[in-house]
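Have a look at the structure below, then the notes.
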Protein chains: 2
Amino acid sequence: MKLDARHLELLAAVVEHGGLTEGAAALGKSQPSVSRTLGALEARVGQPLFVPGRRPLQPTDLGRSLAEQGAAILRASRAAGDTVDRYRHGRSGEVRIGGTPFFMDGVVSGMIAEFQMQNPDVRIRQSYDYAPDLMRQIAEGTLDLGICPVRPDTVPESFAFTPILAGRNVVACRKGHPLLTRRGVLTEEIFRYPWIAPPADSPLYADLKLTLAALGAQDFKIGFSGGTLASVFAILNGSDALTVLPYSVVFLTGRRNDIASLRIRINHPDRDLGLLRRRGADPSPATDRFRQFIETRFRQLSQVILHSEQIALWRGADDRPQRDRA
Amino acid sequence: MKLDARHLELLAAVVEHGGLTEGAAALGKSQPSVSRTLGALEARVGQPLFVPGRRPLQPTDLGRSLAEQGAAILRASRAAGDTVDRYRHGRSGEVRIGGTPFFMDGVVSGMIAEFQMQNPDVRIRQSYDYAPDLMRQIAEGTLDLGICPVRPDTVPESFAFTPILAGRNVVACRKGHPLLTRRGVLTEEIFRYPWIAPPADSPLYADLKLTLAALGAQDFKIGFSGGTLASVFAILNGSDALTVLPYSVVFLTGRRNDIASLRIRINHPDRDLGLLRRRGADPSPATDRFRQFIETRFRQLSQVILHSEQIALWRGADDRPQRDRA
DNA sequence: TGCGCTATATAACGCGATGTTATGAAGCTG
DNA sequence: CAGCTTCATAACATCGCGTTATATAGCGCA
């Protein structure tokens with residue numbers, strides 16, 4: 001026998017509230033409506049659902065059993081409603097975010113962690129890619145957000161780009177590196193140390209080449225390449241190798257990983273780190289919420305970086321990277 | 001947000017069957033109906049439930065979540081339908097049955113056990129009472145069936161009475177009782193043994209008094225009274241006491257409890273053991289099913305009793321109670 | 001690339017379930 | 001027994017949802 005789920009909900013409400021009138025009130029309906037519908041259900045079932053002629057309307061065994069099923073239906077229905085509500089407020093759902101590996105690992109992951117703590121029901125799918133692939137996937141609709149360095153004026157019309165951080169790089173090394181003890185670093189000295197190269201197709205690798213070329217390098221030793229940020233940190237820690245890293249990565253994770261940056265002035269790429277998303281597509285609420293979270297966190301990060309540099313300036317300290325525009 | 005349970009069921013069916021058309025078919029509805037309803041649900045939710053422009057209609061995360069709730073609703077709904085079906089066929093529900101204690105314990109309990117094996121979801125509420133109270137409770141509607149000995153012509157019009165067994169009694173004793181070894185028993189001999197008296201208000205007690213009076217007893221020793229059938233068996237087993245019991249009780253449980261009946265002719269009450277129920281009230285299906293079960297079991301029991309007595313007659317054996325009408 | 005197939009969306013319409021208010025009947029309670 | 005409360009019934013309006021017919025849009029294949 002097939003029963004209407006709404007009839008069972010009705011029955012559950014009436015049984016729970018101990019009366020037709022109360023049940024109807026709880027459901028926001030009139031009493032006759034509930035009465036008639038329950039009558040129809042009873043007729044359909046062919047068995048009394050309430051003991052007849054009892055004034056504080058008392059369900060029969062069968063009525064109680066069916067009411068339990070109705071309560072289950074009501075629960076599921078409410079749960080569905082809640083799911084929708086949370087989804088609409090971005091507190092549940094899925095966000096697919098991709099970005100350049102070192103930046104994701106060094107900066108974004110920490111923010112994701114914080115977001116996860118606040119929104120445990122939002123699933124974050126992270127992937128690693130560079131701008132062209134990110135754009136392709138965003139255009140295809142298989143990715144919600146991209147975080148990577150791009151030149152804002154090269155972003156196609158179909159994308160929205162929000163700059164979140166200046167794309168500055170620094171030369172990074174371990175805390176105890178010989179070059180750090182010196183007051184000043186001669187550019188030719190850095191070529192005596194082995195270099196860690198980011199993946200060949202990464203913008204960071206292009207930056208590395210440009211930087212070193214600008215510093216007058218014809219040739220430099222690549223001692224390691226192909227690893228993730230974690231392995232780069234390990235190599236840096238265990239050797240005197242040098243590499244180029246985004247300033248924000250060193251700023252945020254340098255202390256924890258015993259990494260510092262050389263006090264050496266290097267040119268900076270004319271790219272901004274920013275958030276890419278598809279223009280016109282309305283994103284899932286979770287994506288929106290995540291994006292806003294990320295944007296405010298980066299605003300705060302910019303402030304903190306600026307602040308710390310000003311403190312360093314006032315102190316006259318010099319264990320910070322030299323700023324190009326300072 | 002309040003969502004219609006039926007919409008969620010619809011969604012569940014569509015997601016499960018992997019398509020609008022199939023889902024509609026599974027629900028026995030037309031495809032446009034399902035399409036429109038799902039469209040309405042999507043509009044209400046305000047979020048896409050299916051990824052747009054995908055041919056093997058693919059649900060979004062939210063769609064899948066809601067479909068799960070819909071599946072839960074569907075399960076509950078089906079469970080409710082099954083409950084009704086089983087209830088209507090008497091395979092679930094409740095039966096309230098009352099009867100005279102010794103007869104319930106000695107005969108009916110075994111049948112209830114068998115019924116329980118076949119109908120595990122039917123709850124049997126058993127109580128003990130004598131005819132007047134049984135009738136009162138049945139009339140009040142607090143009891144479904146009564147099993148007791150009554151004179152059929154004394155049953156009021158408002159009750160239906162189905163005789164199920166002749167109300168014969170026998171004098172019972174333990175298997176090794178001295179009186180059993182004799183070829184014949186003199187009536188005066190039985191008064192030398194202590195007697196177990198059933199409860200004073202029981203019909204059995206009246207039978208006992210009548211029986212013994214008919215046998216010429218002016219006075220007899222009551223050695224024990226007030227116990228249930230189990231205690232009566234225990235007393236019988238551990239002593240040379242005698243008592244009056246329904247023949248069916250001894251027939252069914254005598255062997256197991258090492259009880260036999262004396263070969264002595266006693267008068268039998270002009271009552272029939274039978275089933276009492278309220279006339280006109282339509283009983284719950286479980287009650288009906290149980291009643292029919294009990295009635296057929298008693299028909300079989302009558303046959304078996306008859307059969308065993310004929311065998312005994314043919315054999316010329318005499319270790320059976322003498323039959324009044326033989 | 002274009003064609004055909006099939007699945008989905010839309011349109012138009014009828015009906016039945018369910019909402020309403022008004023009112024009657026039936027239990028409980030003092 | 002009177003009065004109150006609660007449920008059932010009546011009459012009517014409306015909206016959801018069922019139908020069939022038809023347009024549209026992906027997908028597969030040549």
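Every chain is numbered from 1 and lettered A, B, ... according to where its sequence line falls, protein lines coming before strand lines.
- Contact check, A:Ser30 against C:dT20: a side-chain N or O comes under 4.0 Å of OP1 or OP2.
- Residue B:Gln31 places no side-chain atom within donor-acceptor reach of the base of C:dA7, judged by atom type and a 3.5 Å distance cut-off alone.
- A:Glu42 has its CD atom 13 Å from the P atom of D:dC7, to the nearest Å.
- Ranked by how close their nearest DNA chain D nucleotide is to the 5' end, B:Pro32 and B:Arg36 are led by B:Arg36.
- For A:Phe102 and A:Tyr205, the distance between ring centers is not under 6.0 angstrom.
- B:Ser33 and B:Ser30 are not linked by any side-chain donor-acceptor pair at a separation below 3.5 angstrom, with hydrogens and angles left out of the test.
- When rounded to the nearest whole Å, the span between CD of B:Glu9 and C1' of D:dG18 equals 16 Å.
- The side chain of A:Ser35 lies closest to D:dA8, out of D:dT19, D:dA8, C:dA9.
- In this structure, the CG atom of A:Asp4 is 15 Å from the P atom of D:dG16, given to the nearest Å.
- The distance between atom CG of B:Leu41 and atom P of D:dC17, rounded to the nearest whole Å, is 10 Å.
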- Any chance you could lay out the ring pair (Phe, Tyr, Trp, His ring centres under 6.0 Å) test for A:Phe103 and A:Tyr130, step after step, and finish with the verdict? CA-CA 11 Å; A:Phe103 191 59; A:Tyr130 304 116; over 10 Å; no
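- Between A:His7 and C:dT18 there is a side-chain N or O to OP1 or OP2 distance below 4.0 Å.
- For the segment residues 13-22 of chain B, residues with any heavy atom less than 4.0 angstrom from an atom of DNA chain C are, sorted by number, B:Gly19, B:Leu20, B:Thr21.
- A rotation axis mapping the C1' atoms of four pairs onto the next four is fitted at both ends of the helix from C:dT1-D:dA30 to C:dG30-D:dC1 over five pairs, and the angle between these axes is 50° to 10 degrees.
- Taking atom CG on A:Leu38 and atom P on D:dC7, their separation rounds to 10 Å, with Å as the unit.
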- Decide salt bridge (Lys or Arg N to Asp or Glu O under 4.0 Å) for A:Glu68 and A:Arg64; before the verdict, give the C-alpha distance in whole Å, the side-chain angles of both, and the deciding distance to 0.1 Å. CA-CA 6 Å; A:Glu68 274 174 40; A:Arg64 218 182 310 272; over 6 Å; no
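- We find that CZ of B:Arg6 is positioned 11 Å from C1' of D:dG18, with the value rounded to whole Å.
- No side-chain N or O of B:Asp61 forms a donor-acceptor pair with one of A:Tyr87 less than 3.5 Å apart.
- Applying the 6.0 Å contact sphere to CZ of B:Arg279 captures more than 12 heavy atoms from other residues, nucleotides or ligands.
- In this structure, CG of B:Leu10 is placed 13 Å from P of C:dT8, rounded to the nearest angstrom.
- Rounded to an integer number of Å, the gap from B:Phe50 CZ to C:dA9 P is 9 Å.
- Within 6.0 Å of CD in A:Gln118 there are more than 12 heavy atoms belonging to other residues, nucleotides or ligands.
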- Query: What do the steps show when you test B:Asp144 against B:Arg277 for salt bridge (Lys or Arg N to Asp or Glu O under 4.0 Å), and what is the final call?
  - Reply: CA-CA 6 Å; B:Asp144 298 312; B:Arg277 61 185 200 274; over 6 Å; no
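- Checked against D:dG18, D:dA8, C:dT18, the side chain of A:Thr37 finds its nearest nucleotide in C:dT18.
- When every heavy atom of B:Phe161 is checked against every heavy atom of B:Cys148, the shortest pair comes out as CE1-O, 4.3 Å.
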